[in-house]
Amino acid sequence: MLRFMTPGSGAIQPGHLGAHSAWMDHLDESDYFVETWRCDLASGVFHLGQRTAALLGASTQSCGIVDLVRAYDGRDRATVLNILEQATASPSSFCFTALVRSPALKAAQLFCVGRSLLDASTGENMLQGIFAFPRERPALDA
């Protein structure tokens, strides 16, 4: 799963399934919790999976961009915001990773692979994708 990416890094490409599929192919779902998400651009509301919302410290599974980004490490926020802003401007495929810092949990690396669907003729304007974060591993006894 995108192990080559360090927190605070990301990429965005013009919307075509090749880039999106290539990033998705790196997923190893046995090592990560993977949940879908979407954002209706008309309302700006992100709809998250239950585990992702808990990791981000969101009080509900629906939240705004500020709530979403607030949980990211301060050094990663600009990268995430820049990628999401670009994705709302034209159909795109994107990925990023960031450290999530929650007061109740230790820092965790969160990966995102998404795409923007912007169609003026149908009025469909949304972002959608997956969030993935490492499953906790039991400690090995020495």
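Because only heavy atoms are used, hydrogens play no part in the values below, and waters and symmetry mates are left out as well, while side chains stay in. Just so you know, residue 1 is the first one in the sequence shown, and it goes up from there.
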Engineer: When rounded to the nearest 0.5 angstrom, what is the spacing between CD in Q61 and OG1 in T52?
Structural biologist: 9.0 Å
Engineer: Please work out whether the ring planes of F94 and W37 are parallel, tilted or perpendicular, with thresholds of 30° and 60°.
Structural biologist: tilted
Engineer: State the CG-CG distance between D119 and N125, to the nearest 0.5 angstrom.
Structural biologist: 7.5 Å
Engineer: Starting at SG of C112, measure out to CD1 of I83 and round the result to the nearest 0.5 Å.
Structural biologist: 8.5 Å
Engineer: Is L117 reachable from F46 through a run of I, L, V, M, F, W or Y residues, each pair having side-chain heavy atoms under 4.5 Å apart?
Structural biologist: no
Engineer: When the ring planes of F133 and F33 are compared, do they come out parallel, tilted or perpendicular, using 30° and 60° as the limits?
Structural biologist: tilted
Engineer: Any side-chain to backbone donor/acceptor pair from R115 onto G129? Under 3.5 Å, distance only.
Structural biologist: no
Engineer: Can you measure from CZ (F96) to CG (N82) and round to the nearest 0.5 angstrom?
Structural biologist: 11.5 Å
Engineer: Taking side chain as C-beta onward, heavy atoms only, is D76 less than 4.5 Å from V100?
Structural biologist: no
Engineer: Once rounded to the nearest 0.5 Å, what's the spacing between atom CG of D73 and atom CG of L110?
Structural biologist: 12.5 Å
Engineer: At what distance, to the nearest 0.5 angstrom, does CZ of R38 lie from CG of D40?
Structural biologist: 7.5 Å
Engineer: Tell me, with the steps shown, if D67 and L56 meet side chain to side chain contact (heavy atoms under 4.5 Å, CB included).
Structural biologist: CA-CA 8 Å; D67 299 315; L56 295 174; over 6 Å; no
Engineer: How far apart are the closest heavy atoms of M126 and L118, and which atoms are they?
Structural biologist: N-CD2, 4.4 Å
Engineer: What's the shortest heavy-atom distance between V80 and A98, and which atoms?
Structural biologist: CG2-CB, 4.2 Å
Engineer: Ignoring hydrogens, what is the shortest heavy-atom contact between T60 and S62? Give both atom names and the distance.
Structural biologist: OG1-O, 2.6 Å
Engineer: T36 versus Q128: any side-chain heavy-atom pair under 4.5 Å?
Structural biologist: no
Engineer: In terms of hydrophobic clustering (I, L, V, M, F, W, Y; side-chain heavy atoms under 4.5 Å; direct or indirect links), are V45 and I65 co-clustered?
Structural biologist: no
Engineer: Tell me the closest heavy-atom pair linking L127 and L84, and the distance in Å.
Structural biologist: CD1-CD2, 4.1 Å
Engineer: So, the side chain of E35 versus the backbone of F131: is there a donor-acceptor pair under 3.5 Å, distance only?
Structural biologist: no
Engineer: What closest approach, in Å, do S90 and S116 show between heavy atoms, and which atom pair accounts for it?
Structural biologist: O-OG, 3.1 Å
Engineer: What are the two closest non-hydrogen atoms of A87 and S92, and how far apart are they?
Structural biologist: CA-OG, 3.9 Å
